[in-house]
Amino acid sequence: MCNASPGSWPWHISLRMSNNMHHCAGTLIHPQWVLTAAQCLQRPTEPSAYRVFLGIQNLIASEPSLQIRSVQKVLKEPSGADIALLKLNSPVTINDHVKPVCLPETSLMVGRNAVCFLTAWGKKRGTDTDNRLKDVEFPVLENRICNRPEFLNGSVKNNEFCGGFTFGSIGNCEAEAGGPLVCKDKDRFVQYGVTSWGLDCTQPSKPVFVRIPSFVSWIKNAMAAH
Amino acid sequence: KGDILDDYLRTDGVWLLTRNKQVYNTNNEKECAEKCEAERNFNCRAFLFTRKKLQCLTLAENTKMTVTFDSVDVVLYEKKIIHLKNTPMQGWKKTTAEILMGMNVDPGVTQQILLPDLITVTSQSVRARSRTLEKNLQWNACSVMVKTTMENFPEQSLGFSASTGMPKSLICMDLPQNTMHLPVSGLGSQCLSGKGENYRGRIAVTESGKACQPWNTQFPHKHGWIPDRYPCKGLEENYCRNPDGEKRPWCYTINGNVRWEYCAIPHCDGPEQGIADVPVQVPLPEECYQGRGQSYRGTASITASGKKCQAWNSMFPHRHEKTPDRFPDADLRDNYCRNPDGDESPWCFTTDPNVTWEYCNLKRCDDHTQKPAPNDPPATTAQNSDLSTPTTSDCINGNGKDYRGTVAKTARGRTCQEWSSQKPHSHKYFTPVTHPGAGLDKNFCRNPDGDVNGVWCFTTDPEKKWEYCEIPRCSSSEHDCGKVSTRSERAC
């Protein structure tokens, strides 16, 4: 993965515990809503235990574009999918460094040849990360490929998908839960996946993402109802 | 001295995903276990060993929480007894010297008696110091593990006569620090004492309302806590248990994405000792409902007495028919308070096995907001009219004519005047009566006249009649989303 240019992924947020320790990633999908992985919110369960850091390119450096919000409400996807919504205590200020990502408009998955990117803080196993946001082009694979015995062997569900290269491995690819997989659609980026789980980077075709198009209705309804 | 692997539960073919781990190359599982024991970077609670690659991954805490999936070549070893950092324990497989006897002679009167000097065991004999207590003991059938761990102790040396009803194999050696645990009556403890290792109650739902997976099944989660292998642990049905020294009882859940969770077990030191629910400090209700709350869609999940709600799609601890598929319009999600059957207010089944259901800790919105006019339609008949929170957002679309948020200050920080008030500024035209559909509630910023510059209000400053309010636009997610001003040079 490469270090991302400042402002290139303005929806990528850092979900932190109340002591400001980075805990998971997430994406801004609305000035007052963040999408992340439900696994990041197992414990503690109180919204007040979490804070959202937006507009940053580095987990530890002080950046003028930083905006911090506390979490007012946590909504987990009711059927148990690994996604959740966080309602921020107040809307963020939208600017070049803090901007929502688009959600798919239909329940259809991205096309086969779409250009997609995985963004993550790039934790590298066994070493200290440089704490900078990173990205990598990351092809989406069909589930029949993901589920081949030599890859994920049937463990990818219908509302999930995997991606990556079917050969070799990607250095530093240990993506963090809650982060996005976004795909280019003309001049916009649309989020198609939430990083859910994955094997180590020595294994190809990982990690696995929650399939966002399957949950767009829930996301919209939940935001409207709350 | 036993095998180092005896300290671990073995599960074949499961890969367990954790963030905090360390990779080693070892020749076999034992060496990997030694790496786990010697792990300095974190509290090693499990390890994975891949037989083909001879890879050893030591895994950090909370391994039960992580996602697993099948992987043919791997063996997962999870520590049987968790050595919490603040309570260091030694392994039990040393010279047996002294027994702690945990028993539940008469549930409800004595939950647990710990008498370090009651019975003394050496490799040659066992001496009981109290005969009176013996009579009260009721022994369970228990014991595969005992046979192996107690094989050095001949039956007759145990010092108990046949009249005590204790068969040969009934001592379970499953606690650390040379501790023996004598199995007791089938009831065990019905409430939480200490870390709940002796809990034998029937709560089978986690603290977030997820139903527990039966211990004798391997779906959706594979695991090594197989009841037959650990007969002393009380791994019955799908009841919450603490076989491994966790902080409190837990269970694997039937949710494929949540491997395990703690359970909320009532404490033994509650007012009605033994069976009562824990007295909970019930917070003041934050959310409200209108009418009977049939369209309440909030996330409150605590009852009026402070009990946690049972998930609607769960049948534990209470079986019921109010399921999401039978009431598709009632939004029976998670364990949120709802009113699917036209009861007086939102309610839920509780996780307390003794209390089937209760009304929720919610208040009527009418208690703190203005009363609806007498001819207003009942809230329950209006779609979305009794949501827990108004269907508002604190951002505006377009000129904000539809804004129904609660910002009540102008961009310059002046407090807004109530729309229904004529002081300090008399306006007459923009009142809830003249513009009934404009949402002129209290003193919230609004745009009743469709001002192109956005929402505004009369101010409480006599010198300033009105001002615009500054409220962020929410349109970005729909119209300006996903655009970046900087394109990175992606060389790799």
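Every chain is numbered from 1, with letters handed out A, B, ... down the list of sequences.
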Ion pair Asp187(A)/Lys483(B), N-O distance below 4.0 Å:
yes
With sequence neighbours excluded, what pairs up with Asp329(B) under the side-chain hydrogen bond (donor to acceptor under 3.5 Å, both in side chains) test?
none
With sequence neighbours excluded, residues passing side-chain hydrogen bond (donor to acceptor under 3.5 Å, both in side chains) with Lys322(B):
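side-chain hydrogen bond (donor to acceptor under 3.5 Å, both in side chains) check on Lys322(B) returns nothing, list empty.
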Output the distance between atom [atom1] ([X]) and atom [atom2] ([Y]), rounded to the nearest 0.5 Å.
X: Lys73(A); Y: Thr299(B); atom1: NZ; atom2: OG1; result: 5.5 Å
X: Ser79(A); Y: Asn313(B); atom1: OG; atom2: CG; result: 10.0 Å
X: Ile29(A); Y: Cys481(B); atom1: CD1; atom2: SG; result: 10.5 Å
X: Arg297(B); Y: Asn221(A); atom1: CZ; atom2: CG; result: 11.5 Å
X: Trp260(B); Y: Gln42(A); atom1: CH2; atom2: CD; result: 9.0 Å

Could you check whether atom CD of Gln67(A) has more than 12 heavy atoms from other residues, nucleotides or ligands sitting under 6.0 Å from it?
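Above 12, so yes.
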Minimal non-hydrogen separation, Gly482(B) against Cys102(A), with atom names:
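The pair with the smallest heavy-atom distance is N-SG, 3.6 Å.
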Do Arg188(A) and Val484(B) make a side-chain contact, defined as non-hydrogen atoms from C-beta onward lying under 4.5 Å apart?
no
